[in-house]
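Heads up: numbering here begins at 1 and tracks the sequence.
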Amino acid sequence: MLTISRWQNGFTLIELAVVLAIIGILLGGAFYPLSSSLESMRRSDARKQLDRILESLYGFAQIHGRLPCPATPTLATGSNGAGNENCALDRGVVPWATLGLVETDPWGNRISYRIRDTFGTTVPKITLASEGNMTVRDQESGGTIIASLLPAVLVSHGKNGFYAYLPSGLRRGASGSADENTNNMSTVTFVMQDQTEYFDDIVSWVSPYLFAQRMVAAGQLP
């Protein structure tokens, strides 16, 4: 009986180890699809958020006759002026407090925002002849122009967050991708492309034609 009991106990432990190993394999196999699904949901939410921001930009312009200026990116949440437009800037982050919007994207980063300065002032007043100066391409050097003469551009810096500003006012570092580094807001050229291992920015912009249409409809332009 002692021999049988030992064999039975040993068999039970082996069975348990096999079951645990199988469970581990199943869970490990399920983790990647789950993680991928969650990331896809965040990207979808970020695109919807950018759409809401664009509608707020158009709405602000219809009321005020200009686009809102960027907010100072280096101010920590809750500090004086954080989230409010600062018309001394032509680049920074979305002025979430001015527009009554959520501060950060689904990854906890502020959304970068750049405008052509003439679209953020009332003097001189914007006219139908006013043109933006920003361009979106599908790669950093050369490539295809996706959109041009843009008054304003928005960038959600994705999961890796390179060049994004945090609620603390600190900024994340550079990317290993030259294309992604182009979206650091230092120039008037931006890159939008499919998500890859090294590029996950989501870029959106104010359409010059839709902007003019909305402004005319609101009586802000003749």
Check for a donor-acceptor pair, side chain of Ser112 on one end and backbone N or O of Val93 on the other, with a separation under 3.5 Å. no

Looking at Ala46 and Ser156, what are the two nearest heavy atoms and their distance? CB-OG, 4.2 Å

Side chains of Leu57 and Tyr113, heavy atoms from C-beta outward: is any pair under 4.5 Å? yes

Check whether Leu154 and Leu89 end up in the same hydrophobic cluster, where Ile, Leu, Val, Met, Phe, Trp and Tyr are linked by side-chain heavy atoms less than 4.5 Å apart. no

Hey, could you give me each pair passing ring pair (Phe, Tyr, Trp, His ring centres under 6.0 Å) that has a residue in residues 53-106? Not counting sequence neighbours. Phe60-His64

Smallest separation among heavy atoms of Gly81 and Leu75, with atom names: C-CD1, 3.7 Å

If you group Ile, Leu, Val, Met, Phe, Trp and Tyr whenever their side-chain heavy atoms sit less than 4.5 Å apart, what else falls in with Val188? Met134, Val136, Ile146, Leu150, Val153, Val155, Met185, Phe190, Met192, Val203, Trp205

Verify the neighbour count for atom NZ of Lys125: are there more than 12 heavy atoms of other residues, nucleotides or ligands below 6.0 Å? yes

How far does CD1 of Ile202 sit from NZ of Lys159, to the nearest 0.5 angstrom? 13.0 Å

With rounding to the nearest 0.5 Å, note down the distance linking OG1 in Thr189 to CD in Gln139. 12.5 Å

Counting only N and O atoms by type, is there a donor-acceptor contact under 3.5 Å from the side chain of Arg110 to the main-chain atoms of Glu103? no

Go through the side-chain N and O atoms of Thr72 and Asn86 and say whether any donor and acceptor fall under 3.5 Å apart. yes

Evaluate the side chain to side chain contact (heavy atoms under 4.5 Å, CB included) criterion for residues Cys87 and Thr121: first the C-alpha distance (whole Å), next the side-chain angles of each, then the deciding distance (0.1 Å), finally the verdict. CA-CA 8 Å; Cys87 287; Thr121 64; 5.9 Å; no

Mind checking the CG-CD1 spacing from Asp105 to Ile111? Nearest 0.5 Å is all I need. 5.5 Å

Counting N and O atoms only, with roles assigned by atom type, does the side chain of Arg116 sit under 3.5 Å from a partner on the main chain of Ala152, one being a donor and the other an acceptor? no

With a 3.5 Å distance limit and no angle check, can you tell me whether Ser56 reaches the backbone of Arg52 through a side-chain donor-acceptor pair? yes

How would you list all residue pairs meeting salt bridge (charged side-chain N to carboxylate O under 4.0 Å, His left out) that involve residues 79-89, not counting sequence neighbours? Arg66-Glu85

Tell me, do Pro106 and Gln49 make a side-chain contact under 4.5 Å, heavy atoms counted? yes

So how far is it from Leu221 CG to Leu128 CG, rounded to the nearest 0.5 Å? 5.0 Å

d(Asp201 CG, Asn183 CG) to nearest 0.5 Å is 4.5 Å

Report the hydrophobic cluster partners of Val191, with the cluster defined as I, L, V, M, F, W, Y residues connected by side-chain heavy atoms closer than 4.5 angstrom, directly or transitively. Phe199

So ring pair (Phe, Tyr, Trp, His ring centres under 6.0 Å) across residues 134-183, not counting sequence neighbours, yields none

Taking the side chain as every heavy atom from C-beta outward, state whether Pro68 and Leu99 have any pair of such atoms under 4.5 Å apart. yes

Under 3.5 Å donor-acceptor, Arg171 side chain and Thr74 backbone: no

Thr135 versus Ser148, closest heavy-atom pair with distance: OG1-CB, 4.1 Å

Considering non-hydrogen atoms only, spot the tightest contact between Pro222 and Val216 and give its length. O-CG2, 3.8 Å

Sidechain-backbone polar pair: Arg42 side chain, Trp107 backbone, donor-acceptor under 3.5 Å: no

Could you tell me which non-hydrogen atom of Cys69 sits nearest to which non-hydrogen atom of Gly120, and how far apart they are? SG-O, 3.4 Å

Side chain of Ser207, backbone of Leu210: donor and acceptor closer than 3.5 Å? yes

So, the side chain of Ser177 versus the backbone of Glu180: is there a donor-acceptor pair under 3.5 Å, distance only? yes

Taking every heavy atom of Ala178 against every heavy atom of Glu140, the minimum-distance pair comes out as O-CG, 3.7 Å

Is it the case that the side chain of Asn160 and the backbone of Ser175 share a donor-acceptor pair, with hydrogens and angles ignored and the cut-off at 3.5 Å? no

Under 3.5 Å, side chain of Gln220 to main-chain N/O of Gln62, donor-acceptor pair present? yes

If you define the side chain from C-beta out and look only at heavy atoms, does anything of Ser204 sit under 4.5 Å from Leu54? yes

Would Ile126 and Phe211 satisfy side chain to side chain contact (heavy atoms under 4.5 Å, CB included), going step by step from the backbone distance to the final call? CA-CA 11 Å; Ile126 300 168; Phe211 177 79; 4.1 Å; yes

Can you name the side chain to side chain donor-acceptor pair (under 3.5 Å) partners of Asp179, sequence neighbours left out? Gln193

So CG of Asn133 and CG of Asp90: to nearest 0.5 Å the spacing works out to 8.5 Å

